[in-house]
Q: 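Below: one structure in structure tokens.
Throughout, protein chains are lettered first and strands after them, A, B, ... in sequence-line order, and every chain is numbered starting at 1. Atoms considered below: every heavy atom in the structure, side chains included; atoms not considered: hydrogens, waters and symmetry mates.
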Amino acid sequence: MGDDPDRRKILTCAVGGGLGLVIAVPAARLVLGPTGEQTVTTPTDPLDVGAADRLKVGGPWQKVDVVAPLVKDGWTTARDVVLGAAFVRRTADNQAQALSAVCPHLGCAVGWDGKNFLCPCHDSKFTGDGDAIAGTGPAKRGLDPLPVKIEDGRLRLTWIRYQLDTASRDKA
Amino acid sequence: MTKQIWRVLGWSLVMLLVVEALTGAALAAFYAPSSTDAWASVAYVQDQMPWGWLVRGLHFHAASAIVIISGVHLLQIAVAGTYRERAAAWWIGLVLVLLVLGFAISGYVLRWDQAGYWANRVEVGIAAGTPVVGGLIRSLAIGGNEYGNLTLTRFYTLHVIALPALITAGVVVHIVLAKRARDWSDGLRAAFAMAAVFAVLVGYVVSQHGADLAAPADPSAAFDARPLWYFRWLFELRHLAGSAEKLAAMAAPAVVGGFLVALPLVDKPERQAKRMPWIAGVVGLFALIFVLTIASFVQDSGDADLAKRQAQAEKDASRTRALAVKHGVPATGPLDIKQGIVMYRARSLYEKRCTGCHAATSKDRKGPIIGAGHGNRAWLTAFLKEPSGDAFWGHTKLAKTDDAMKPVELGEGDLADLTELLYAQSGASDVDAARRDRGKVIFDKACTDCHAIEEGVAGASAPGLGGLGSRDWYTSFIGNPKSPVHMGSDHSQMPRFDKDLSIVDRDALADYLVWLRTATQRDVDLLEPL
């Protein structure tokens, strides 16, 4: 009975398959580990992006790099990490506006030509207030405003990435 | 006989895959998949390793050759209609094409330069637009919530472990399924074809000196992202589709793929003549893809603004790569590469914040010229002789008031003694002590009505001069020139920088100013450009 070839085959498959699973399941669990996790932790509180004096009230948009003092990226921690860029302008002595330079279409960095914002990847164009100009490109919404305030003469900006290519503005 | 000539295509593809495997293994011996090291390790291979550019170039351009020859191979099989007998080989072949494109996408991002980084962001952005599971796909692909170390380790694993395993298995099955009688002349022809393809490849790689490498990935810097040339037809299709671009990006590959997969099922006729509609369909499809690809490049080449931005991007790339060769890439990543330039931090701050009022070339200079030799003996003597001269306080509001300092009228010897006293304040090591002490006597007689010389002490109506020109003095002055120890609030137009610049930055500026004292114009000119 112990020599039944079918039985042997089934047993071999069971043992082999079992062994395979024992190895594959933990490996798959590991590889899926980062999915949906905050693997790159970036600050959610306002970041210092420079002195407010650099902006004149009523002056044009100026591009600022948004730099996080501390970012944990997987197993490393780094200081002064560039998260992205924003355009800021001063509307009053103690008031400013900011737009994220991340194109709401697919996330390329937009540029400012003095009149309009332009995305170099798929040609979406935005007005001087950041609204999408219909018929120019695929962006479904205007540039994303970011919270910014002036405190002790410094511009403090909150960096947010929104979901791409949607008409509504939902945090990514 | 004439049909046999086409068989060399398959063997050329096998040869190219072997080239990819060998060059890939060599590159993997250098590559470091982390966001701080990836670009640096690729630049190291490309610019510093013997024949690194050649190996990397072969690896990159062989992929293009694979895409081209796969296309011709596919077209030839479709026209000949041999998929009717060997449908399974055809389908595996289509899977192989998908795997090749997977290699291209996963490989392009590994260089972590502007081109690969932004192209990947767009590609992942498109995939993230998939209904329902889009977010999951994105998170799975980039390894979490944001681009970083895990993005690279994942695409690296895909590129060097998962896809090679799949394509090896696929190629073996494909060859077995497509097997046919071979004779010796077949093998010889294949060998000649492989040699020819390889020769063209090497020639092209040498003419291009390897493969491009743009400036390091920078999330804050705009870049004209373009996909690799074999995805250009989709890029152009999105352009043409306008608001229906999402449909185009998702539907076009699905339609093309579906059509090719269905061919063996729908194209049944035995007689070649009856197959004309299908042949026309396949040829038409390839022609369309070809035309769209060309159209995309033509559109870009007509854009003058784009050309300007691309020229600038190329300049940035070659500059950064030159710096990487010269100074190495800092462990904090290639975006910090300029920190390797001597006094980079101070000089770039100086350029941005100080030159408007202090550069000899500035149109609206408001203060003294600061340049080579600033604060050395000759400068001090010249200042004492004519404090409101053009190079000194001449451009300030103070010079036009009664509070302006009067020229010091002394003989050459006494002037040199007084100069030595002031010069000694900087802590310079070459002070003539006897002169300095004589200078102190003159100072006490002629200057103390307004100035003081003790460290940290304000003058009665003018700056305290203790420590003048030393690093600490500069740091203090830059921080608050309006302090009573320095100019006093009534006498200075210079803004205070202690709120705006960190103490580290002010110290860096002070170091630069101290360096300027002993520098000649030639030294300044020899500094590496920022």
Q: Give a yes or no on whether the ring-centroid distance for A/Trp61 and A/Phe117 is below 6.0 angstrom.
A: yes
Q: Looking only at the side chains, is there a donor atom on one of A/Thr76 and B/Asn149 sitting less than 3.5 Å from an acceptor on the other?
A: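 Checked: A/Thr76/B/Asn149 side chains pair up, N/O donor to acceptor below 3.5 Å.
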Q: Side chain, backbone, both or neither: which part of B/Ile142 has a non-hydrogen atom closer than 4.5 Å to chain A?
A: neither
Q: At a 4.5 Å cut-off on heavy atoms, which part of A/Ala51 comes close to chain B: side chain, backbone, both, or neither?
A: both
Q: For A/Cys119, give me all partners under disulfide bond (SG atoms under 2.5 Å apart), at least two apart in sequence or on another chain.
A: none
Q: Which atoms of B/Thr157 are under 4.5 Å from chain A, going by heavy atoms: the side chain, the backbone, both sets, or neither?
A: neither
Q: Against chain A, work out which of B/Pro495, B/Gly125, B/Ala222 has the most heavy-atom pairs shorter than 4.5 Å and name it.
A: B/Ala222
Q: Counting only heavy atoms closer than 4.5 Å, note whether B/Leu306 contacts chain A via side chain, backbone, both or neither.
A: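 No part of it gets close to chain A.
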Q: Out of B/Lys499, B/Arg154, B/Glu123, which one racks up the most heavy-atom pairs below 4.5 Å with chain A?
A: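 It is B/Arg154.
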Q: Side chain, backbone, both or neither: which part of B/Asp336 has an atom under 4.5 Å from a heavy atom of chain A?
A: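 Neither part, no heavy atoms under 4.5 Å.
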Q: Non-hydrogen atoms of chain B under 4.5 Å away: do they reach the side chain of A/Glu37, the backbone, both or neither?
A: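 Contact with chain B: backbone only.
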Q: Return the orientation label for the B/Tyr156 and B/Tyr31 ring planes: parallel under 30°, perpendicular over 60°, tilted otherwise.
A: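 Tilted: the ring planes of B/Tyr156 and B/Tyr31 meet at 30° to 60°.
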Q: By a 4.5 Å heavy-atom criterion (distance strictly below it), what part of A/Asp123 contacts chain B: side chain, backbone, both, or neither?
A: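 Only the side chain of A/Asp123 comes within 4.5 Å of chain B.
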Q: Side chain from CB out, backbone as N, CA, C, O: work out which of these in B/Ala225 comes under 4.5 Å of a heavy atom of chain A, or both, or neither.
A: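 Backbone plus side chain of B/Ala225, per the 4.5 Å heavy-atom cut-off to chain A.
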Q: At a 4.5 Å cut-off on heavy atoms, which part of A/Val102 comes close to chain B: side chain, backbone, both, or neither?
A: neither
Q: Is any NZ, NE, NH1 or NH2 atom of the basic residue among B/Asp500 and B/Arg353 found under 4.0 Å from an Asp or Glu carboxylate oxygen of the other?
A: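 Looking at B/Asp500 and B/Arg353, the cut-off is met.
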Q: So what's closer than 4.5 Å to chain A heavy atoms on B/Thr36: side chain, backbone, both or neither?
A: neither
Q: Top residue by heavy-atom pair count (under 4.5 Å) with chain B, among A/Arg79, A/Arg161, A/His122?
A: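 Option with the greatest count: A/Arg161.
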Q: Report yes or no: does A/Asn116 contribute a side-chain atom to a donor-acceptor pair with the main-chain N or O of A/Phe126 at less than 3.5 Å?
A: yes
Q: Would you say the side-chain atoms of B/Lys482 pair up with the backbone N or O of B/Met494, donor to acceptor, closer than 3.5 Å?
A: yes
Q: According to ring-ring contact (aromatic ring centres under 6.0 Å, His included), does anything in residues 133-154 of chain B pair up with another residue at least two apart or in another chain? List the pairs.
A: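 Residue pairs with at least one partner in residues 133-154 of chain B: B/Tyr117-B/Tyr147.
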Q: So which of A/Val82, A/Leu164, A/Val110 has the largest heavy-atom pair count under 4.5 angstrom toward chain B?
A: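 Of the options given, most contacts go to A/Val82.
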Q: Hey, are B/Arg506 and B/Asp498 close enough for a salt bridge, meaning a charged N less than 4.0 Å from a carboxylate O?
A: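 Salt bridge: no.
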Q: So for B/Arg226, is it side chain, backbone, both, or neither that comes closer than 4.5 Å to the heavy atoms of chain A?
A: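 For B/Arg226, the side chain is the part near chain A, not the backbone.
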Q: Taking B/Val109's backbone N and O only, do any of them form a donor-acceptor pair with B/Asn120's side chain (distance below 3.5 Å, no angle check)?
A: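 No: the side chain of B/Asn120 does not pair with the backbone of B/Val109.
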Q: For the interface with chain B, which of A/Gly33, A/Gly74, A/Gly36, A/Gly84 has the highest count of heavy-atom pairs at distances below 4.5 Å?
A: A/Gly84
Q: Is a side-chain donor or acceptor of A/Arg90 paired with a backbone partner of A/Asp93 at a separation under 3.5 angstrom?
A: yes
Q: So what's closer than 4.5 Å to chain B heavy atoms on A/Arg54: side chain, backbone, both or neither?
A: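 It is the side chain, since no backbone atom gets that close.
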